[in-house]
Amino acid sequence: MLQYQPGADVDQLRQAYQFSSSVHDGQKRLSGEPYLIHPVAVAGVLADLKLDLPSIIGGLLHDTVEDTLATLPEIEAGFGEEIAALVDGVTKLSRVNFTSHEEKQAENFRKMIMAMAKDIRVVLIKLADRTHNMRTLQHLTAEKQRRIAQETLDIYAPIAHRLGIYWIKSELEDLALKHLRPEVYAQLKRNVAQKKKNREKYTNDVISRLSKALAEEGIDAEVSGRPKHFYSIFKKMENQSLDFGQVYDLVAFRIVVDTMRECYEAMGVVHSKWRPVPGRFKDYIALTKPNMYQSLHTTVIGPNAQRIEIQIRTHEMHRVAEEGIASHWRYKKGKDLQVTDMQRFAWLRQLLEWQQNLSDPQEFLHSIKEDLFPDEVYVFTPNGDLRSFPKGATVVDFAYRIHSDIGQRCSGARVNGRLVPFKYILRSGDTVEIITTQEQTPSRDWLKVVKTPRAKSRIRAWMTSQQRERSVALGREILEGDFGRHHLDYQGLQAQGTIAALGKELGFKNEEGLLASVGYGKVMSRQVLARLLPAEQLEEEKKQLEGGLERLFRLVGSRDRGVRVKGFEDVLVRFARCCHPLPGEEIAGIITRGRGVTVHVASCPTGLEADPERRVEVSWSEDAPMPRAVKIEVTCTDKPGLLAAISSVISEAGVNIARAHVRTFDDRAVNTFEIMIGSSDQLRQVLQDISSVKGVHKANRVQG
């Protein structure tokens with residue numbers, strides 16, 4: 001730390017080390033090593049980021065409150081309010097009871113986001129913590145390795161990207177790949193090692209040619225080449241259905257110059273020497289990314305007709321590109337940063353807004369994951385203000401970004417002066433003008449075209465309010481009818497406050513809550529009548545109704561589908577066709593009046609769009625249902641014997657193929673199989689086995 005902050009209070013740092021050592025004394029990691037190794041490694045990552053003294057101390061103390069008898073007041077007394085706030089920000093909510101893993105995960109992220117808004121150093125400590133945990137993940141069970149690796153890929157690597165800390169992003173992605181797809185990671189490692197000598201020779205040749213060409217034009221530049229990390233190679237192979245041998249641009253080249261003007265001059269030199277690939281030039285200097293990243297990107301056809309990617313930037317841009325938000329600590333104290341530079345992180349303000357508006361933990365997590373992964377497009381308002389959106393965003397997303405009321409009343413849009421439909425996908429450089437009318441209201445179809453979590457949450461909120469109004473009206477109609485059959489005056493009881501009192505007895509805040517639940521089907525009118533009429537009268541009516549339709553419903557509903565519905569017996573259960581849930585997957589139930597409970601995968605977008613009031617808790621029973629049909633898609637090289645090899649792997653796993661369909665495109669084949677699967681673990685193993693077959697590019701489950 002003294003290398004970049006010579007005046008640091010080393011005595012306080014030593015005090016923090018000794019405190020951490022004493023409270024963690026006797027604790028061991030799963031590897032058998034002393035626990036203290038972890039907080040020291042976290043502090044080391046933070047020092048690599050060149051963070052300030054409170055951050056390093058926060059790293060040393062980050063687990064003391066969660067995992068030892070130390071308390072926050074004790075931390076504050078010994079190290080001050082600032083460091084206590086950092087430790088509190090990264091402390092998980094481990095002492096609170098949650099109803100599900102999703103709720104616990106969502107609440108932890110909520111707390112972290114709130115702490116980030118107060119002090120961005122909180123998330124930097126959390127990233128350092130996750131980086132060391134990923135480096136030592138091999139000591140956990142295989143199931144925990146997969147869960148933590150997936151969470152890292154979904155949340156932490158994208159946060160590192162959004163903060164511009166690319167070396168942490170790359171390391172987290174590679175380590176996640178290593179545990180999620182070990183066979184792919186091992187194969188990539190072998191292939192990259194085999195090509196190392198040729199790659200180094202090619203890299204040196206390109207660097208030499210570029211350096212010479214730039215020097216001839218009088219541009220003083222540093223030229224370098226670095227191998228791409230494994231995850232980026234894997235994604236390219238997966239997205240473009242390539243074999244490793246077809247991936248040539250394994251090295252990214254970088255030109256670092258002194259001034260912005262020289263960036264564009266260097267780009268001219270590169271394009272005059274090698275032919276640029278159309279559509280592959282990006283100017284992130286003129287259009288700076290939200291995480292402050294600036295560079296010129298181009299892809300050219302280099303020596304030996306191979307594609308090479310080149311980035312061009314100044315030394316200052318390079319520092320920000322490598323260290324991101326952390327680069328500011330060389331010049332500023334952390335607290336100064338909050339007021340000034342934090343304003344540039346619009347995405348963080350959006351996360352804050354969503355955490356306040358989205359009460360449902362699954363929808364909150366879904367929104368975070370969606371927003372952390374965007375490829376941005378940049379569009380202009382009619383006033384010339386620049387707005388960034390995730391790739392695939394539409395004019396409806398734009399309307400909701402301007403204001404919720406504009407979104408709700410959006411009846412059309414002009415892009416570059418031309419009228420466009422709602423589903424028009426925004427392109428960089430577009431100028432967008434929204435047309436509104438008072439008569440317009442959101443449509444459920446809008447959910448199919450919007451991309452941003454803000455727009456989705458606003459549309460869902462509106463749909464929910466409309467559903468509730470309809471359910472209240474339906475509930476009142478049902479109760480009035482059933483009360484009338486028993487010669488009860490609903491209006492009279494309502495005026496006396498009896499209906500509201502019955503609602504409170506059944507656990508609702510008010511009469512409207514009771515009526516909505518009756519309308520949704522969560523509460524039966526018989527449950528309300530049971531509080532007003534003798535049990536014998538209701539029992540007699542129940543026997544009379546025990547006729548054809550009700551008997552049929554009970555028989556159909558009582559069929560064992562392998563799912564329990566909390567609070568309901570003999571209810572019809574059916575599986576959603578949009579996501580085909582499998583035993584072992586997290587599931588959620590949605591009440592549909594007249595059709596029982598529909599079971600969705602917990603993260604299914606269709607399920608998330610449903611009114612939260614209609615949700616019921618469901619779980620898999622011990623007696624799982626018979627194998628269910630699941631559709632998978634396998635993309636591979638089109639060569640003799642490969643289809644037989646894939647079919648053989650599926651059969652060896654004890655899985656039956658119900659249907660198969662093969663399509664070929666040039667030298668590529670796309671095979672769709674409908675297979676009978678008993679659990680999510682079995683499906684994961686089958687996909688993993690198929691992926692290991694030589695010639696297979698990608699194997700994944702498809703919905704619908």
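All values below were derived from every heavy atom in this structure, side-chain atoms included, with hydrogens, water molecules and symmetry-related copies excluded.
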What heavy-atom pair brings [X] and [Y] nearest, and what distance separates the two atoms?
X: Arg458; Y: Ser404; result: NE-OG, 2.6 Å
X: Cys410; Y: Ile434; result: SG-CG2, 3.9 Å
X: Pro158; Y: Thr152; result: CD-O, 4.0 Å
X: Thr598; Y: Phe575; result: CG2-C, 4.5 Å
X: Leu447; Y: Lys456; result: CD2-O, 3.9 Å
X: Met676; Y: Pro627; result: CE-O, 3.5 Å

inquiry  = The test is side chain to side chain contact (heavy atoms under 4.5 Å, CB included); show your working for Leu582 and Ser679 and say whether it passes.
reply    = CA-CA 5 Å; Leu582 289 171; Ser679 71; 5.8 Å; no
query = When you measure from the centre of the six-membered ring of Phe398, is the NZ or CZ of Arg387 under 6.0 Å away and within 45° of the axis?
reply =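 No.
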For [X], side chain to side chain donor-acceptor pair (under 3.5 Å) partners two or more places apart:
X: Glu439; answer: none
X: Gln150; answer: Asp154
X: Glu81; answer: none
X: Thr131; answer: none

key: Check against side chain to side chain contact (heavy atoms under 4.5 Å, CB included), Gln682 and Val655   = CA-CA 9 Å; Gln682 185 183 32; Val655 173; 3.4 Å; yes
request  = Under the ring-ring contact (aromatic ring centres under 6.0 Å, His included) rule, collect the residues that match up with His132, sequence neighbours excluded.
outcome  =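 In terms of ring-ring contact (aromatic ring centres under 6.0 Å, His included), with neighbours along the sequence ignored, His132 is linked to His38.
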request  = With sequence neighbours excluded, tell me which residues meet ring-ring contact (aromatic ring centres under 6.0 Å, His included) with Tyr400.
outcome  =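 By the ring-ring contact (aromatic ring centres under 6.0 Å, His included) rule, Tyr400 matches no residue at all.
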Check salt bridge (charged side-chain N to carboxylate O under 4.0 Å, His left out) between [X] and all other residues, then give those that pass, not counting sequence neighbours.
X: Arg701; value: Glu585
X: Glu633; value: Arg663
X: Glu76; value: none
X: Arg564; value: Glu622

Nearest-0.5 Å distance that lies between atom [atom1] in [X] and atom [atom2] in [Y]:
X: Cys604; Y: Ile590; atom1: SG; atom2: CD1; answer: 9.0 Å
X: Ile148; Y: Leu180; atom1: CD1; atom2: CG; answer: 11.0 Å
X: Trp462; Y: Ser443; atom1: CH2; atom2: OG; answer: 8.5 Å
X: Met134; Y: Leu127; atom1: CE; atom2: CG; answer: 12.5 Å
X: Leu61; Y: Glu74; atom1: CG; atom2: CD; answer: 10.5 Å
X: Asn510; Y: Ile499; atom1: CG; atom2: CD1; answer: 13.0 Å

Does the side chain of [X] reach to within under 4.5 Å of the side chain of [Y], using non-hydrogen atoms?
X: Pro583; Y: Ser680; value: no
X: Thr68; Y: Tyr35; value: no
X: Leu426; Y: Val395; value: yes
X: Ile677; Y: Arg628; value: no
X: Thr71; Y: Val65; value: no
X: Val601; Y: His580; value: no
X: Arg409; Y: Thr437; value: no
X: Trp620; Y: Val563; value: yes

request  = With side chain to side chain contact (heavy atoms under 4.5 Å, CB included) as the test, would you mind laying out the steps for Leu137 and Asn133 before giving the verdict?
outcome  = CA-CA 6 Å; Leu137 202 59; Asn133 281 334; 5.7 Å; no
Does any N or O in the side chain of [X] come within less than 3.5 Å of the main-chain N or O of [Y], such that one atom is a donor and the other an acceptor?
X: Ser517; Y: Leu514; value: no
X: Asp397; Y: Val450; value: no
X: His600; Y: Ala602; value: no
X: Thr91; Y: Val87; value: yes
X: Glu674; Y: Ile632; value: no

query = Are Lys504 and Glu511 close enough for a salt bridge, meaning some N to O gap below 4.0 Å?
reply =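 No, this pair does not count.
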ask   = Taking NZ, NE, NH1 and NH2 as the nitrogens, is one of them in Arg146 or Glu151 under 4.0 Å from a carboxylate oxygen of the other?
value =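 Salt bridge: no.
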key: Those residues that, when tested against Lys423, pass side chain to side chain contact (heavy atoms under 4.5 Å, CB included) (two or more places apart)   =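 Expected list: Pro421, Val449.
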ask   = Who passes side chain to side chain contact (heavy atoms under 4.5 Å, CB included) against Glu469, sequence neighbours left out?
value =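 With neighbours one apart ignored, the set is Gln466.
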ask   = Run the side chain to side chain contact (heavy atoms under 4.5 Å, CB included) check on Val528 and Asp482 step by step: do they pass?
value = CA-CA 10 Å; Val528 183; Asp482 286 353; over 6 Å; no
task = Using the salt bridge (charged side-chain N to carboxylate O under 4.0 Å, His left out) rule, take Arg684 and Glu143 through it: C-alpha gap first, then chi angles, then the decisive distance, then the call.
result = CA-CA 12 Å; Arg684 182 166 47 242; Glu143 181 55 38; 3.7 Å; yes
ask   = Glu480 and Gln491: side chain to side chain donor-acceptor pair (under 3.5 Å), yes or no, with the steps?
value = CA-CA 8 Å; Glu480 285 179 349; Gln491 276 79 16; 3.0 Å; yes
query = Are His24 and Asp63 linked by a side-chain donor-acceptor pair shorter than 3.5 Å?
reply =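 The criterion, which ignores hydrogens and geometry beyond distance, is not satisfied for Asp63 and His24.
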